[in-house]
Number of protein chains: 2
Amino acid sequence: MTAARPTTRREASRRETERAILSAAEKVFAEAGFGGATMQLIADVSGLPKANLHYYFPTKEALYRRVVQDIFEIWLKAAEAFDAAESPAQGISAYIDAKMEISRARPHGSKVWASEVMHGAPVIQDYLETTLRDWTAGRAAVIRRWIAAGRMRPVDPEHLLYMIWATTQHYADFGHQIETLNAGKPLSDAQWQAAKDSVKGIILRGVGLG
Amino acid sequence: MTAARPTTRREASRRETERAILSAAEKVFAEAGFGGATMQLIADVSGLPKANLHYYFPTKEALYRRVVQDIFEIWLKAAEAFDAAESPAQGISAYIDAKMEISRARPHGSKVWASEVMHGAPVIQDYLETTLRDWTAGRAAVIRRWIAAGRMRPVDPEHLLYMIWATTQHYADFGHQIETLNAGKPLSDAQWQAAKDSVKGIILRGVGLG
DNA sequence: GCACAACCTGACCATACGGTCAATATTTTT
DNA sequence: AAAAATATTGACCGTATGGTCAGGTTGTGC
């Protein structure tokens with residue numbers, strides 16, 4: 001068995017710098033899009049010289065790809081809420097809660113993903129065709145089983161998933177619009193709770209679990 | 001009373017050229033984003049020399065603004081379906097149908113709008129604060145009246161509207177993802193019908209109109 | 001404490017972009 | 001049919017971008 005090497009100053013610093021770059025990149029890509037974002041701006045936001053970015057990530061596209069992958073992995077993890085469920089109502093509820101919380105905590109990431117897909121997924125098409133396709137098929141199968149067992153109203157599983165994705169991500173992707181319609185102020189804690197309750201309430205009743 | 005001037009060859013040609021530019025711009029802006037789109041590419045797609053674009057639209061931003069305004073106006077018109085309704089179920093149904101049809105007919109426009117809002121609405125913030133705010137307040141009031149009259153379940157009107165926007169526009173904005181999950185093929189007529197029925201079914205039941 | 005590797009960075013480069021303009025062609029008006 | 005107005009275009013320009021690189025600095029292993 002290999003002894004665990006101690007964490008060197010280098011490794012720690014590397015991780016930290018990488019995080020700073022990724023965090024700045026997520027923000028800048030979300031706010032300007034891939035084309036509108038500049039390496040210089042990401043450098044400024046992360047407080048590093050531009051050349052340093054290219055030391056950590058060879059190209060703008062490589063950096064972007066990493067940002068997209070990160071948010072995708074977070075979403076995959078949220079699905080565990082769905083899998084661990086003992087009932088349809090509980091599973092759907094937990095999944096919506098998890099996705100809504102990600103929308104609140106990581107709105108930039110959500111926007112980057114949305115932007116990427118809207119532009120035809122030039123960078124992560126392979127993810128859509130493999131991981132996402134499998135994931136969707138698996139969850140759709142679970143929903144179909146629930147329906148077959150008479151535990152919920154018969155609805156098209158894919159369209160139900162689309163509705164959950166659309167609605168939960170809307171609070172991140174269109175957060176600016178929602179904020180404008182909320183007198184220019186971000187949703188308060190109570191308003192986020194109301195949003196979650198509204199979404200869960202309508203969807204659960206909509207699939208016969210009210 | 002002024003006599004109606006006959007349509008000159010010039011006016012017709014102008015309208016035609018303008019349409020060609022706007023159509024190409026909508027597509028290119030949707031596929032590349034504002035920053036990623038180039039005037040040269042829009043010129044190529046519309047089959048005109050780049051300098052000609054600047055004759056019709058002084059700047060890239062002016063052209064973009066016009067594209068965004070056009071889709072917004074289409075959405076406003078779709079709301080008439082809502083207003084003309086004699087019952088909550090009929091109004092919501094008709095509105096969802098109208099928005100779904102726009103998503104199918106004008107996916108590029110929807111994406112341009114989504115992109116604009118996601119990036120903080122730098123160009124159409126004034127629209128959000130005036131037209132959209134008024135429109136939303138008006139429709140929310142209608143829904144509140146329906147609820148007060150006991151004609152539907154009490155739900156938060158704003159969140160209901162967000163859900164309708166999110167879900168219907170999802171079929172345009174994330175069309176590429178949906179297509180990928182549909183074995184790489186665009187939704188057929190029947191599948192679009194199923195999508196509409198699913199969305200309407202869940203939302204209507206969700207607000208107690210099932 | 002020394003040799004080596006990893007890391008950092010200012011200055012630089014080729015390219016591509018939005019936009020301009022002077023010259024030309026076309027249509028309308030007189 | 002001439003003159004005036006409008007529309008079209010290739011060539012051009014300043015700027016900003018993604019990316020490179022040589023030289024310097026810092027940390028690691030022995």
Side-chain angles (χ1 to χ4, degrees), chain A residues 2-22 24-29 31-68 112 115 119 122-123, chain B residues 2-22 24-29 31-68 112 115 119 122-123:
Chain A
T2 327
R5 259 189 316 112
T7 310
T8 66
R9 208 173 305 189
R10 276 235 161 101
E11 282 165 345
S13 157
R14 186 170 185 98
R15 255 195 303 275
E16 217 173 290
T17 308
E18 210 170 284
R19 275 248 152 269
I21 295 172
L22 284 169
E26 184 171 299
K27 190 176 178 192
V28 172
F29 281 133
E31 283 170 1
F34 179 79
T38 69
M39 293 299 273
Q40 187 58 60
L41 185 54
I42 297 174
D44 292 348
V45 171
S46 61
L48 295 165
K50 188 179 68 138
N52 206 354
L53 265 60
H54 281 99
Y55 180 74
Y56 281 84
F57 299 92
T59 65
K60 184 184 177 184
E61 195 178 312
L63 172 54
Y64 173 76
R65 185 182 203 102
R66 178 63 187 280
V67 170
V68 175
V112 176
S115 207
H119 299 345
V123 170
Chain B
T2 326
R5 260 189 313 110
T7 310
T8 65
R9 207 174 306 190
R10 275 232 160 101
E11 281 165 347
S13 156
R14 185 169 187 102
R15 255 193 304 274
E16 217 172 290
T17 309
E18 211 171 284
R19 274 249 152 271
I21 295 173
L22 284 170
E26 184 171 298
K27 190 174 178 194
V28 173
F29 281 133
E31 283 168 2
F34 179 80
T38 70
M39 292 299 273
Q40 187 58 61
L41 185 54
I42 297 173
D44 292 348
V45 170
S46 60
L48 294 165
K50 187 178 68 138
N52 207 353
L53 265 60
H54 281 100
Y55 180 74
Y56 281 85
F57 300 92
T59 64
K60 183 184 179 185
E61 195 179 311
L63 173 55
Y64 173 76
R65 185 183 203 103
R66 179 61 187 281
V67 169
V68 175
V112 176
S115 207
H119 299 155
V123 171

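All figures in this text were calculated on a predicted structure; none of them were measured in a lab. Numbers restart at 1 for each chain; the letters A, B, ... are given by sequence-line order, proteins then strands.
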**Request:** Heavy atoms under 4.0 Å is the rule here; annotate nucleotides 13-25 of chain C 5' to 3' with B where the base is hit, S where only the sugar-phosphate is, and - elsewhere.
**Result:** ----SBBBB----
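- Rounding to whole angstrom units, CD1 of residue B/I21 and P of D/dA7 are separated by 12 Å.
- Contact check for B/F29 versus B/V68: no side-chain heavy atoms found under the 4.5 Å cut-off.
- With sequence neighbours excluded, the residues forming a side chain to side chain contact (heavy atoms under 4.5 Å, CB included) with B/R66 are B/E18, B/L22, B/F57, B/Q69, B/D70, listed by chain and number.
- Look at A/Y55 and you'll find a side-chain N or O under 4.0 angstrom from OP1 or OP2 of C/dC7.
- Residues in residues 47-65 of chain A take part in these salt bridge (charged side-chain N to carboxylate O under 4.0 Å, His left out) pairs, two or more places apart or across chains: A/R65-A/D126.
- Put simply, CD on B/E31 and CD on B/E26 are 10.5 Å apart, with the number rounded to the nearest 0.5 Å.
- For the helix from C/dG1-D/dC30 to C/dT30-D/dA1, the end axes, each set by the C1' atoms of five terminal pairs, are bent relative to each other by 20° (nearest 10°).
- Listed by chain and residue number, nothing satisfies the side chain to side chain contact (heavy atoms under 4.5 Å, CB included) test with A/A20 (two or more places apart in sequence, or in another chain).
- Atom P of nucleotide C/dT9 and atom CG of A/L53 are separated by 11 Å, given to the nearest angstrom.
- Between the C1' atom of D/dT8 and the OH atom of B/Y56 lies a distance of 9 Å, rounded to the nearest Å.
- Rounded to whole Å, the distance from CZ on A/R14 to C1' on C/dC7 is 9 Å.
- Of all non-hydrogen atoms in A/H119 and A/P122, the two that sit nearest each other are O-CD, 3.5 Å.
- At a threshold of 4.0 angstrom between heavy atoms, the contacts of B/F57 with the nucleic acid are absent.
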I'd like a table of donor-acceptor pairs (distance under 3.5 Å, sequence neighbours excluded) in which one partner is a side-chain atom from residues 32-47 of chain A, with atom names and distances.
from, atom 1, to, atom 2, distance (Å)
A/T38, OG1, A/L41, N, 3.0
A/Q40, NE2, A/D44, OD1, 3.1
A/S46, OG, A/I42, O, 2.9
A/S46, OG, A/A43, O, 3.2

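- Contact of the A/Y64 side chain with the A/T59 side chain is not registered, since no non-hydrogen atoms from C-beta on lie closer than 4.5 Å.
- Under the side chain to side chain contact (heavy atoms under 4.5 Å, CB included) criterion, B/T17 pairs with B/S13, B/I21, B/L48, B/Y56, sequence neighbours left out.
- One can place CG of A/L63 at 16 Å from P of D/dT17, the figure rounded to the nearest angstrom.
- What separates CG of A/L41 from C1' of D/dA16 is a distance of 13 Å, to the nearest Å.
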